[in-house]
Amino acid sequence: MSIYDSLNDKQMEAVRHTEGPLLILAGAGSGKTRVLTHRVAYLIEEKNVNPFYIMAITFTNKAAGEMRERINELVGYGAESIWVATFHSSCVRILRRYAECLGYDRNFTIYDAEDQKTVIKEVCRRCNIDTKQVKENSIMYRISHAKDRMETPEIVEKEVEDFEEKQFAKIYREYQKELFSNNAMDFDDLILNTIVLFEKNPEILEGYQDRFRYIMVDEYQDTNLAQFRLIYLLAKKHQNLCVVGDDDQSIYRFRGANIENILSFERVFLNTKVVKLEQNYRSTQNILDCANEVIKKNTGRKEKRLWTENGRGEKLHFHQFETSYEEAEFVCDDIARRVRNGDYQYSDCAILYRTNAQSRIFEEKFIYANVPYRIIGGINFYSRKEIKDIIAYLKTIDNGKDDLAVKRIINVPKRGIGAATINRIDDYAQQNQISFYEALLEHEDIPGISRSSKKIHFFTNVIQVLRAKSETLSLAELAEELLEMTGYQAELIEEDTEESRARLDNINELISKIVAYEEKIKSSNQSPTLNGFLEEVALIADLDDLNQNQDYVVLMTLHSAKGLEFPNVYLVGLEDGLFPGYLSIYSESLEEMEEERRLCYVGITRAQKTLNMTAAFRRMVRGEWQNHDVSRFIKNLPRELFEDAPSEKTAHTTVKRPNAYQQAKQDFQRKAFSSVSNKIEKSGALNYKEGDTVEHIKFGRGVVTNIQDGGRDFEVTVEFETAGVKRLFASFAKLKKIE
DNA sequence: ACGTGGCCACTTTTT
DNA sequence: GTGGCCACGT
């Protein structure tokens with residue numbers, strides 16, 4: 001019995017081809033991650049490759065985490081020395097070592113989209129360009145694309161013709177200058193600078209080429225030109241490059257993903273072996289037929305024919321409702337019914353939508369119906385105001401070179417340092433070629449700000465004291481001290497509103513994250529550093545770690561659903577104008593519509609057994625009602641795939657015993673979708689007891705009549721003033737005690 | 001220097 | 001419906 005027995009012929013073929021370029025075209029649900037991980041195991045165990053020579057690159061942290069976990073399970077000894085990381089974090093690791101070769105300090109900071117926007121705005125103001133006429137968003141987009149094509153401001157400048165392009169080139173140049181003097185890189189710079197580093201220093205490149213002798217790239221269809229260039233450079237010498245992708249699942253064109261990378265791989269790497277994985281292990285034949293039917297309308301794709309041994313399965317469901325409210329109500333009721341019937345658990349069900357804004361209505365209905373749910377994505381934890389503020393403080397303590405961070409917090413909480421003062425300091429800093437923070441230290445030499453002198457001194461003093469303390473305190477202690485000394489916490493406590501309490505909660509969550517980070521680093525026998533923490537934070541998109549098994553419905557966008565699977569999927573808002581969106585309908589480029597269609601394909605192929613599709617005729621968009629047709633994607637699908645009766649009978653598919661692979665996937669999903677706050681609520685005591693008056697977000701006020709410990713969660717019975725008696729799960733009802 | 005009220009644009013999607 | 005920005009008043 002070997003670990004490779006679970007692979008089919010095609011998968012095995014891909015695993016065995018270890019030398020030379022390999023392109024794996026892996027259809028949805030065809031077990032591509034399984035192939036990748038087994039291939040790693042094969043390299044180590046059968047080919048005696050030192051794990052140190054293996055690199056696996058993914059696109060998201062989630063995927064990297066999953067890959068790491070699965071490799072660990074499979075390989076055991078030596079697995080930790082395999083380089084498993086995202087493109088961006090790989091580049092950061094490389095750049096931290098060699099940043100000086102490019103003129104950066106190795107403590108460079110990483111700017112997210114918000115930071116970029118701030119810089120662009122500032123640059124525009126300085127150049128007297130009205131940001132109302134030239135939108136920051138489009139500038140950001142253009143800068144990003146220029147970087148993707150490896151065009152520096154100088155190159156753009158040379159090529160410009162009209163006034164508009166000239167203006168852009170100027171902004172781009174100033175933007176880049178500003179970042180450089182702030183010792184900062186944006187996400188695109190991370191990739192671009194690594195390429196520049198390699199191209200300028202062949203000996204550094206060769207070092208990495210010899211380290212990464214076997215390179216694997218997951219989600220290859222999502223790579224952009226720069227990323228391709230990077231892989232190309234790394235793999236050029238040994239040519240052992242294995243990429244896995246599905247051109248039908250390329251859904252990130254908008255941010256530069258280039259489907260050409262997959263279609264032209266064989267031209268760039270000669271002697272490429274191509275393996276197609278077409279057997280699907282995830283879905284029923286009905287679901288696959290539907291997916292195939294949708295995707296076949298796209299042109300310029302590699303022909304694939306997904307098949308399965310899973311059988312026809314349950315028929316698909318489609319309902320069109322009068323309004324989006326009824327749609328949400330149906331989905332909510334349907335889930336509740338299926339769970340009541342024992343067909344599914346809450347966690348088997350996922351609601352997938354095109355835009356984050358759609359989650360609201362579902363959330364409302366779920367609160368009413370007391371159905372546990374969790375929304376993935378949406379507003380990023382690390383882009384919340386309070387979190388960004390604390391991070392900015394930490395950055396300033398770590399090194400004062402990030403002007404953006406210092407400016408962000410110099411007057412938070414309010415210290416009476418206003419815009420006029422900040423501008424004067426800024427001018428002084430520019431004139432003397434020093435950082436903003438250094439200018440603050442010299443504030444006594446700056447004309448015209450004597451009024452604020454004391455306040456500035458107070459601020460720099462706080463920072464210096466915290467810096468001194470950071471030598472001895474742990475990171476978490478430092479953060480607590482910071483909250484205390486700056487008065488940040490006090491201000492929020494004082495405010496005492498719903499919002500301020502939520503902010504305090506988030507800050508506490510940040511502190512738990514810091515503690516978790518410190519523990520993680522310590523467990524690998526290293527000592528945690530402030531800089532290390534900030535770096536990790538810069539590259540993490542959402543809080544998708546921390547493990548606990550809870551049973552809830554998952555809501556997310558189609559984009560975040562990629563790579564996941566659920567027994568029971570609701571594809572909602574299938575309407576022309578929403579999905580496909582207006583932009584793609586009215587766009588001249590056919591590519592946009594094709595991308596939307598691929599997105600639809602991704603959505604359909606998430607479903608394992610039951611696929612429900614819904615649309616609403618009328619929907620509130622941006623405060624006004626809009627009428628929508630049923631989405632063109634599903635309008636003319638073969639009728640026989642669908643169940644016609646609206647009230648469907650339940651299909652009892654026998655549940656197969658999960659194999660190791662499925663088990664790992666399930667474990668991963670449970671971990672990925674758990675939340676810190678829920679954990680705290682259950683493990684600790686509730687902050688209310690029987691007889692207390694509490695408030696519920698929808699039901700209003702009521703009196704707690706009973707609390708039962710239901711194992712996983714507390715079940716609380718509440719007699720509401722208007723809504724009557726309800727039994728609720730404590731961690732989802734989020735009851736607030738009224739004093 | 002700072003708070004408030006009215007106006008605007010905004011919604012794809014994420015490292 | 002909401003959050004960001006500007007102008008105005010204190």
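Because the structure is predicted, anything quoted here is derived from the model rather than measured. Chain letters run A, B, ... following the sequence lines, proteins first and then strands; every chain starts at 1.
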Only residue of A:Asp246, A:Asp218, A:Asp222 satisfying salt bridge (Lys or Arg N to Asp or Glu O under 4.0 Å) with A:Lys562 is A:Asp222
Shortest side-chain distance from [X], nucleotide among [options]:
X        : options               : value
A:Asn411 : B:dC2, B:dT13, B:dT15 : B:dC2
A:Lys414 : B:dT14, B:dC2, C:dT2  : B:dC2
A:Ala420 : B:dA1, B:dT13, B:dT15 : B:dA1
A:Ala357 : B:dA1, B:dT11, B:dT14 : B:dT11

If I pick the C1' atom on C:dC6 and the same atom on B:dT11, what distance separates them, to the nearest angstrom?
23 Å
Counting only side-chain nitrogens and oxygens, does [X] get under 4.0 Å of the OP1 or OP2 atom of [N]?
X        : N      : value
A:Lys121 : C:dC5  : yes
A:Ser560 : B:dT13 : no
A:Asn61  : B:dT15 : no
A:Ser584 : B:dT13 : no

Interatomic distance where [atom1] belongs to [X] and [atom2] belongs to [N] [whole Å]:
X        : N      : atom1 : atom2 : value
A:Leu564 : B:dT14 : CG    : P     : 12 Å
A:His145 : B:dT14 : NE2   : C1'   : 13 Å
A:Gln358 : C:dG1  : CD    : P     : 18 Å
A:Tyr582 : B:dT13 : OH    : P     : 17 Å
A:Glu595 : B:dT13 : CD    : C1'   : 8 Å
A:Ile376 : B:dT14 : CD1   : P     : 12 Å
A:Arg360 : B:dC10 : CZ    : C1'   : 14 Å
A:Gln116 : B:dT14 : CD    : C1'   : 12 Å

Would you please say whether a donor-acceptor pair under 3.5 Å links the side chains of A:Gln249 and A:Tyr601?
no
Should the heavy atoms of other residues, nucleotides or ligands under 6.0 Å from OH of A:Tyr232 be counted, would the total exceed 12?
no
Between A:Tyr252 and A:Lys117, who's closer to the 5' end of DNA chain B by nearest nucleotide?
A:Lys117
Residue whose closest nucleotide on DNA chain B lies nearer the 5' end, A:Thr557 versus A:Gly418
A:Gly418
Is it the case that the ring center of A:His559 lies less than 6.0 angstrom away from the ring center of A:Tyr252?
yes
Is [X] touching bases, backbone alone, or none of the nucleic acid, heavy atoms closer than 4.0 Å?
X        : value
A:Ile417 : sugar-phosphate
A:Gly416 : sugar-phosphate
A:Asn356 : sugar-phosphate
A:Thr421 : sugar-phosphate

Verify stack between A:Phe59 ring and B:dT15 base, 5.5 Å, 30 degrees
no
So, using salt bridge (Lys or Arg N to Asp or Glu O under 4.0 Å) as the criterion, who are the partners of A:Asp248 when residues are at least two apart?
A:Arg301, A:Lys304
Listed partners of A:Arg501 passing salt bridge (Lys or Arg N to Asp or Glu O under 4.0 Å), at least two apart
A:Asp496
